[in-house]
Amino acid sequence: MNFVDYYNGPEKAPNRAFMKAMGLSDYDLEKPLVGVGVAWSETGPCNIHAMGLGYRAKEGVNSSGSTPRMFVTPLVIDGIAMGNEGMKFSLPSREVVANTVELTIRGHGYHGFVGISGCDKTTPGMIMAAARMNIPSIIMYGGSTLPGIYNNEKIAIGEVFEAVGKYEAGKMSKEELSYMESVAIPTAGACGGLYTANTMAFLTEALGIALPGSAAPPAVEGGKAKFAFETGKQISSLLEAGIKARDILQYDAFENAITVLMASGGSTNGVLHLLAIAHEANIKLSLDDFERIGNRTPEIVNMKPGGKYTMAELYDVGGVPLVIKKLLKAGLLHEGSLTVTGKTLGENMQNFQVHTVAQDVVLEIDKPLSSTGGLKILRGNLAPDGSVFKVSATKVHVHEGPAKVYNSEEEAFSAVKNDEIQKGDVIIIRYEGPRGGPGMREMLAVTSAVVGRGMDKDVALVTDGRFSGATRGIMIGHVSPEAQTGGPIAIVKDGDIIAIDGKVGKLEIKISDEEIARRFAQWKPKKEKYTSGYLHQYSKLVGSASYGAIME
Ligand code: FES
């Protein structure tokens with residue numbers, strides 16, 4: 001496809017007429033056109049400020065000799081959709097974001113792409129679009145909220161989800177809960193802990209698709225607006241140098257991103273999204289890469305939900321470059337990976353000043369939280385194609401117990417609420433996979449209810465759905481194949497013994513192969529829940545979580 005000629009030559013006079021009707025001049029149309037895609041709506045605080053950053057990025061594009069055209073992408077605010085039917089639209093929104101960027105840019109012949117992202121799926125959706133279109137592209141994460149203050153402690157939204165469990169268990173009053181919800185998110189910006197949005201923000205820098213240091217400034221910091229301007233400005237340099245998204249999104253860049261994901265103990269969603277981005281970039285990446293890199297990467301980032309701090313506090317001590325510098329020094333990253341600065345990751349970090357202060361947000365490589373990465377890939381007869389265990393979110397890495405089986409998040413949530421779950425149990429939630437849900441909901445309400453009852457060290461949760469980055473406890477998600485497509489999770493019965501071993505990477509159901517075959521002989525997939533609309537289309541096209549739940 002050739003986009004260059006959309007606005008040149010006598011035969012393109014009608015096309016130019018549309019542009020001139022918006023106030024553009026011949027001079028504007030002679031310059032490269034840059035789509036500035038902003039994930040914005042009034043649906044939540046995560047992106048409420050993003051339009052302002054988009055305008056700042058637009059100024060940067062203009063100042064550097066290119067012509068910006070702004071557009072918005074949709075988004076789903078996970079924290080609002082969570083625990084509801086609406087959460088089924090969350091992961092599918094990633095593909096809509098990617099498609100919106102692609103159709104706007106390709107439909108109008110733009111030459112470059114600047115993306116301003118925020119809430120969880122917007123960052124991967126935008127990077128997927130960049131990889132798919134393979135044009136000069138740069139992404140900036142819109143930043144997270146400042147921490148809330150409750151009882152003199154800094155909190156993030158994860159604490160509010162857990163407080164619901166405490167309230168239901170009679171450990172917190174309604175007034176306290178109400179006060180906490182009022183102070184938990186004090187400003188615009190995405191969730192403050194190292195949940196999915198901030199995990200993906202880390203990965204923009206690790207992949208090299210964002211300016212170094214642009215991820216951590218909070219949404220309301222002046223520094224964020226400065227980065228928006230610089231991000232817009234930088235696209236002209238990429239256009240001039242002919243550096244396209246796939247020049248940056250090489251295999252080494254994905255290894256760097258996996259290393260940063262493991263070192264940070266970030267969200268399990270990072271696995272799903274990196275697989276999907278790699279697919280768009282035409283890079284072969286598999287769960288084996290996560291396993292191999294996880295085994296050699298120490299976990300050094302002390303952030304919520306497993307640790308203590310928020311993104312704003314990471315920013316105060318140096319931001320994501322502090323993490324990257326420590327990993328580079330230890331030889332754990334490819335320093336030669338190209339980035340959007342036109343320089344390598346190593347060169348960027350030589351120039352990036354981190355003021356050295358005593359801190360325990362990012363630990364030393366030789367004094368890590370754990371000697372291996374924060375995520376572990378588990379396989380076995382319950383997950384032949386793999387599953388993901390966020391070992392950074394619990395101290396308990398080995399658990400064995402009887403299954404309590406539920407066919408939806410709602411069923412499992414009421415079981416926890418009605419105190420039907422005992423210490424030692426393994427809660428199985430199935431038919432919540434990409435196709436079966438559809439949409440692979442996050443089980444945060446259930447895990448928070450378990451934590452709120454003080455059972456997070458005694459009860460495990462295994463699902464073909466996903467987990468929020470805010471989740472704590474013994475939880476294994478992305479079990480593949482999923483129940484709807486005939487994965488063994490479909491034939492688990494109440495009382496079956498489930499063995500989880502996060503040390504050796506095993507997830508087993510203790511029944512014989514013959515018994516598994518016998519149960520499958522009587523099994524049928526569930527009737528499709530949606531027969532029209534986007535979820536119907538999604539369930540027809542989406543693939544396994546073990547390949548990133550991509551639509552094909
Ligand atoms: Fe938007 Fe958490 S709900 S970042």
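Starting from 1, each residue takes its place in the sequence as its number. Atoms within each ligand, like the ligands themselves, are counted from 1 in listed order.
Closest protein heavy atom to atom 2 (Fe) of ligand 1: Cys191 SG, 2.2 Å.
For ligand 1, the atoms lying closer than 4.0 Å to a non-hydrogen atom of Ala190 are 4 (S). Of all atoms in ligand 1, numbered sequentially from 1 with element shown, those under 4.0 Å from a heavy atom of Ala197 are 4 (S). Atoms of ligand 1 lying under 4.0 Å from any heavy atom of Gly79, numbered from 1 in the order shown and given with element: 3 (S).
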Chi angles and distances behind the side chain to side chain donor-acceptor pair (under 3.5 Å) call for Thr145, Thr187: CA-CA 5 Å; Thr145 176; Thr187 71; 3.1 Å; yes

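Residue contacts to atom 2 (Fe) of ligand 1: Cys46 brings no N, O or S atom closer than 2.8 Å.
Just one of Thr123, Thr122, Thr204, Asn198 meets the side-chain hydrogen bond (donor to acceptor under 3.5 Å, both in side chains) condition when paired with Tyr141; it is Asn198. Between Leu333 and the options Val323, Thr297, Leu345, a side chain to side chain contact (heavy atoms under 4.5 Å, CB included) holds for only Leu345.
Comparing Gly192, Gly189, Cys119 against atom 1 (Fe) of ligand 1, the shortest heavy-atom distance belongs to Cys119. One option in Thr145, Ile80, Asp120, Ile185 has a heavy atom closer to atom 4 (S) of ligand 1 than any other, and that option is Asp120.
A 4.5 Å side-chain heavy-atom check between Val36 and Val61 finds at least one atom pair inside the cut-off. Looking at heavy atoms from C-beta onward, Val271 lies out of side-chain contact with Ile258 at the 4.5 angstrom threshold. No side-chain heavy atom of Lys121 sits less than 4.5 Å from a side-chain heavy atom of Thr73.
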